[in-house]
Asker: 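Take this structure, written in structure tokens, and hold onto it; I'll ask about it next.
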Amino acid sequence: MMPRSYNIEDLRLAARRRLPRGIFDFIDRGTEDETALRRNRAVFEHLRIVPRVMVDVQSRRSDALVLGKHQTMPIVIAPAGPAGFFWYQGELALARAAASVGVPYTVSTYAMTSLEDIVATGADVWMQLYLWNDRAISHALARRAAQLGVSVLLLTVDTPVLGRREYLAQNGFAPPFKANWRAMLDMCLHPRWLTQVPVRYALTRTWPRLVHIPPECRDNDPRVGLTQALTWDDVTHLRDLWHGKLVLKGILHAQDAARAVALGVDGIVASNHGARNFDAGTSPMDVLADIVSAAGTAQVLVDSGIRRGSDIIKALALGAKAVLVGRAPLYGVAVAGEAGARRALELLREELDTSMALAGCVRVDDISADLVRTVVP
Ligand SMILES: Cc1cc2nc3c(=O)[nH]c(=O)nc-3n(C[C@H](O)[C@H](O)[C@H](O)COP(=O)(O)O)c2cc1C
């Protein structure tokens, strides 16, 4: 049953009711004092659109050309492992929702459904890669994606260590997760989630796991620990290995953007990982214009804090070609699987369409820098 939802916040509140607190917080929260999380929203609120009038907007369209491919709107579903905890086979639900509205879906390295099964949904699949200590295992995953026809590889570069997610320990969900009474009670108090997610996995004997970690590497094997030694040499190596579009996700400094482009990357995602890593770090929207000018002909995408269609206009006005959305479709999938994720995407599309009309834009290419002003609160 799909609850009534008129905006992403409605889906968020419905997800909060449905999920155990530990799991909802894992999607929703930031790190340390959560200043970055608040800033990710504030930066959009302080940026105002200065609309144009006397424009015939009857035939407006929101389709966009992103990394050489047409999509129905300038949105990509961001990588978010492990969606299989939020909904039974959550990644398949997200991929199908993305396919049904005509936008790409990015598979996380930490997905719980195999890349092969996700590609089989027919979605336009992008692959996100974390580099592990054993580079050969990560490179094998990239080659596997290439063989499956995945056209975009998104290397996440902003996570040498995990940010301090204090709430995980508070909720009894801190890694390495072990059964504890707080987490168990939390799950039992959410019987809809319990029966529709873990019980379903148990009945189908498919207990979710991080399927892209090779089976011989279980139990915190250091070979598949996130590398703390990611350098530009890794980018050079991947550029040789990967012949499709290569995108770096998690760039915030213009000099890093310039360096990436000099090494031949095709795109950059300006991102602070949805405020899940560095609480003292800047918001990508604060530095987007600098990154766009440093990136030259490479396309710049942005994420972190997108909750409204008008946010997309603001991002495009500062030079982004598209936005990634992380939590918005996750709230939807947690509430009603594929239908919920589709609802999230449709809400964003409807809001984008309304905002384009009110701003006086007929095509996404009409969205230009003069349409936005920053106001001091
Ligand atoms: C639950 C969750 C899991 C995530 N997992 C990954 C991941 O595996 N790889 C990655 O590069 N980013 C990951 N991210 C970050 C997103 O890709 C994206 O950068 C962020 O969610 C965008 O901010 P937003 O949630 O405000 O839209 C995750 C985000 C969430 C909420």
Side-chain angles (χ1 to χ4, degrees), residues 8-9 11-12 15 19 22-31 34 36-44 75-87 90-91 94 98 103-113 115 118 126-132 138 141 152-160 162-163 165 167-168 173 175 210-213 224 226 230 247-252 268-278 281 283-285 301-309 311-312 315 320 322-334 341 344-345 347-348:
I8 300 298
E9 180 62 12
L11 289 174
R12 176 181 174 272
L19 293 173
I23 293 182
F24 176 75
D25 280 1
F26 176 71
I27 299 177
D28 194 57
R29 295 195 60 180
T31 59
E34 299 189 317
L37 196 64
R38 289 191 292 278
R39 178 67 193 160
N40 279 355
R41 282 307 304 150
V43 71
F44 282 107
I75 292 182
V76 177
I77 297 192
F85 265 141
F86 316 145
W87 188 263
E91 285 100 0
L94 284 160
V103 298
Y105 170 65
T106 314
V107 179
S108 165
T109 296
Y110 291 125
M112 292 177 154
T113 304
L115 192 51
I118 297 172
W126 294 12
M127 177 74 204
Q128 178 263 333
L129 196 68
Y130 279 122
L131 281 189
W132 286 317
S138 301
L141 188 54
V152 178
L153 185 71
L154 207 119
L155 175 69
T156 299
V157 297
D158 60 5
T159 315
L162 291 180
R165 300 178 188 168
Y167 63 87
L168 282 180
F173 277 86
L210 305 178
V211 288
H212 296 133
I213 295 182
V224 287
L226 285 181
L230 188 69
V247 176
L248 300 194
K249 172 174 181 279
I251 297 266
L252 289 170
I268 283 165
V269 182
S271 168
N272 68 0
H273 215 105
R276 296 167 65 79
N277 279 355
F278 191 20
S283 280
M285 286 294 288
L301 288 70
V302 66
D303 75 15
S304 302
I306 306 279
R307 301 289 181 274
R308 287 281 185 187
D311 297 339
I312 302 170
V323 302
L324 271 64
V325 286
R327 292 178 181 85
L330 289 183
Y331 298 138
V333 85
L345 294 169
L347 279 167
L348 290 172

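Both counts, for ligands and for their atoms, begin at 1 and track the order of listing.
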Asker: Starting from atom 11 (O) of ligand 1, what is the nearest protein heavy atom, named by residue and atom, and what distance separates them?
Answerer: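 Result for atom 11 (O) of ligand 1: Thr156 OG1, 2.7 Å.
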Asker: How many angstroms lie between atom CZ of Arg38 and atom OG of Ser283, to the nearest 0.5 angstrom?
Answerer: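 Going from the CZ atom of Arg38 to the OG atom of Ser283 covers 11.5 Å.
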Asker: Hey, does Phe26 come in under 3.5 Å of ligand 1, counting only N/O atoms on both sides?
Answerer: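 No, since none of the N or O atoms of Phe26 sits under 3.5 Å from an N or O of ligand 1.
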Asker: Can you find a heavy atom in the side chain of Leu301 that is under 4.5 Å from one in the side chain of Ile268?
Answerer: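 No; the side chains remain at least 4.5 Å from each other.
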Asker: Ignoring hydrogens and geometry beyond distance, is a side-chain donor-acceptor pair present between Gln128 and Thr156 at under 3.5 Å?
Answerer: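 Result is yes, a qualifying pair exists.
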Asker: Using a heavy-atom cut-off of under 4.0 Å, does the side chain or the backbone of Ala80 touch ligand 1, or both, or neither?
Answerer: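 Both of them.
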Asker: Tell me which protein heavy atom sits closest to atom 9 (N) of ligand 1, plus the residue, atom name and distance to 0.1 Å.
Answerer: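 In this structure, atom 9 (N) of ligand 1 has Tyr130 OH, 3.0 Å as its nearest protein heavy atom.
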Asker: Atom CD1 in Ile77, atom CD in Glu91: separation rounded to 0.5 Å?
Answerer: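 It comes to 11.5 Å.
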Asker: If you measure every N/O of Tyr110 against every N/O of ligand 1, is any gap under 3.5 Å?
Answerer: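 For ligand 1, there is no N or O atom that lies under 3.5 Å from one belonging to Tyr110.
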Asker: For Arg29, is there an ion pair with Glu34 - N to carboxylate O distance below 4.0 angstrom?
Answerer: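 A salt bridge is present here (some side-chain N lies under 4.0 Å from a carboxylate O).
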Asker: I'd like to check whether Arg276 has a polar contact with ligand 1, where a contact means an N/O of the residue lying under 3.5 Å from an N/O of the ligand.
Answerer: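 Min N/O separation from ligand 1 is not below 3.5 Å for Arg276.
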Asker: Please name the pair of heavy atoms, one in Asp303 and one in Leu324, separated by the smallest distance, quoted to 0.1 Å.
Answerer: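 In terms of heavy atoms, the two residues are closest at CB-O, 3.2 Å.
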Asker: If you take all heavy atoms of Tyr331 and Ala15, which pair is closest and at what distance?
Answerer: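 The answer is O-CB, 3.8 Å.
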Asker: Of the protein's non-hydrogen atoms, which lies at the shortest distance from atom 15 (C) of ligand 1, and what is that distance?
Answerer: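 The closest heavy atom on the protein side is His273 CD2, 3.5 Å.
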Asker: When you check the side-chain N and O atoms of Thr31 and Asn277, is any donor under 3.5 Å from an acceptor?
Answerer: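 No donor-acceptor contact under 3.5 Å links the two side chains.
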Asker: In Å and rounded to the nearest 0.5 Å, what is the CG to OH distance from Leu94 to Tyr105?
Answerer: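 It is 5.0 Å, given to the nearest 0.5 Å.
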Asker: Nearest protein heavy atom to atom 16 (C) of ligand 1, by residue and atom, and its distance?
Answerer: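 The protein heavy atom lying closest is Pro79 O, 3.3 Å.
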Asker: Within ligand 1, which atoms have a heavy atom of Ser271 less than 4.0 Å away?
Answerer: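 Answer for ligand 1: 19 (O).
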Asker: Which of the numbered atoms in ligand 1 are under 4.0 angstrom from any heavy atom belonging to Arg327?
Answerer: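 So the answer, numbered in order with elements, is 23 (O), 24 (P), 25 (O), 26 (O), 27 (O), 31 (C).
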Asker: Taking atom CZ as the centre, does Phe24 end up with more than 12 heavy-atom neighbours from other residues, nucleotides or ligands that are less than 6.0 angstrom away?
Answerer: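 For Phe24, atom CZ is crowded (more than 12 foreign heavy atoms under 6.0 Å).
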Asker: Please check whether Gly326 reaches ligand 1 - meaning an N/O of the residue sits under 3.5 Å from an N/O of the ligand, judged on distance alone.
Answerer: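 Yes.
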Asker: Considering only heavy atoms, which of Gly81, Ala334, Gly305, Ala328 lies nearest to atom 26 (O) of ligand 1?
Answerer: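 Of the listed residues, Gly305 has the closest heavy atom.
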Asker: Of all the atoms in ligand 1, which lie at a distance below 4.0 Å from a heavy atom belonging to Ser304?
Answerer: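 Those of ligand 1 that fall under 4.0 Å from Ser304 are 22 (C), 23 (O), 26 (O).
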Asker: So, does His212 use its side chain to make a donor-acceptor pair with the main chain of Leu115 at under 3.5 Å?
Answerer: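 Answer holds: yes.
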Asker: Could you find the nearest protein heavy atom to atom 19 (O) of ligand 1 and give me its residue, atom name and distance?
Answerer: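 For atom 19 (O) of ligand 1, the nearest protein heavy atom comes out as Asp303 OD2, 2.7 Å.
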Asker: In terms of atom number and element, which parts of ligand 1 are under 4.0 angstrom from non-hydrogen atoms of Ala78?
Answerer: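 Atoms satisfying the 4.0 Å criterion: 16 (C), 17 (O), 18 (C).
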Asker: Ion pair present between Arg41 and Asp311, side-chain N to carboxylate O less than 4.0 angstrom?
Answerer: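 Yes, this pair counts.
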Asker: Which of the numbered atoms in ligand 1 are under 4.0 angstrom from any heavy atom belonging to Lys249?
Answerer: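 Checking each atom against Lys249, I get 10 (C), 11 (O), 12 (N), 15 (C), 16 (C), 17 (O), 18 (C), 19 (O).
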Asker: Heavy-atom contact under 4.0 Å between Asn40 and ligand 1?
Answerer: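 Per 4.0 Å heavy-atom rule, Asn40 does not contact ligand 1.
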Asker: Distance under 4.0 Å to a non-hydrogen atom of Arg307: what atoms of ligand 1 satisfy this?
Answerer: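 Atoms satisfying the 4.0 Å criterion: 24 (P), 26 (O), 27 (O).
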Asker: Under a 4.0 angstrom heavy-atom cut-off, which atoms of ligand 1 come close to Ser108?
Answerer: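 So the answer, numbered in order with elements, is 7 (C), 8 (O).
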Asker: Should you measure from each heavy atom of Leu330, which atoms of ligand 1 turn up under 4.0 Å away?
Answerer: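 So the answer, numbered in order with elements, is 1 (C), 31 (C).
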